[in-house]
Amino acid sequence: MPILLKINKQLTPLIWSRYRFVCKMLSKYLTKDNSTCLEIGCGAGDMLGILEKNSFFKRIKGVDLSKESMVIAQERTKNAEIYTDDFFN
């Protein structure tokens with residue numbers, strides 16, 4: 001799985017297994033011409049960073065409730081659009 005080579009291998013085993021699963025699914029079902037990805041509950045942007053580094057999508061967006069997480073996510077990504085929002089209000 002070449003996608004995994006760009007992921008920080010200092011992650012905990014649980015997080016590492018999550019990333020392996022997501023990358024496997026993305027590799028299996030996506031082509032490079034998929035245009036936009038929205039991650040709801042993006043937190044500090046770990047998965048957004050991986051999606052961005054591996055160029056799965058032309059545009060990447062993330063939304064989370066935490067403004068603090070949004071700041072970290074913006075630092076971890078270059079071109080992702082990050083929003084803070086509450087879908088229930």
Exercise: identify the closest heavy-atom pair between Leu38 and Val63: CD1-CG1, 4.3 Å
To the nearest 0.5 Å, atom CG of Leu51 lies from atom SG of Cys42 at 11.0 Å
Donor-acceptor under 3.5 Å (Glu52 side chain, Ala80 main chain): yes
Quick check: closest heavy atoms across Gly62 and Leu48, and the distance to 0.1 Å? CA-CD1, 3.9 Å
Stepwise side-chain contact (heavy atoms from CB on, under 4.5 Å) check, Ile82 with Thr77: CA-CA 9 Å; Ile82 315 289; Thr77 60; 4.3 Å; yes
Identify, with sequence neighbours excluded, every residue that meets side chain to side chain contact (heavy atoms under 4.5 Å, CB included) alongside Glu81. Arg59, Lys61, Tyr83
Can you list the residues that meet the side-chain hydrogen bond (donor to acceptor under 3.5 Å, both in side chains) rule with Gln74, with sequence neighbours excluded? none
List in chain and number order the residues that pass salt bridge (charged side-chain N to carboxylate O under 4.0 Å, His left out) with Asp46, two or more places apart in sequence or in another chain; answer none if no residue qualifies. Arg76
With sequence neighbours left out, what residues match Ser66 under side-chain hydrogen bond (donor to acceptor under 3.5 Å, both in side chains)? Glu68, Ser69
Once you round to the nearest 0.5 Å, how far does OG1 of Thr84 lie from CG of Asp64? 7.0 Å
Same hydrophobic cluster for Ile72 and Ile40, using side-chain heavy-atom links shorter than 4.5 Å among ILVMFWY? no
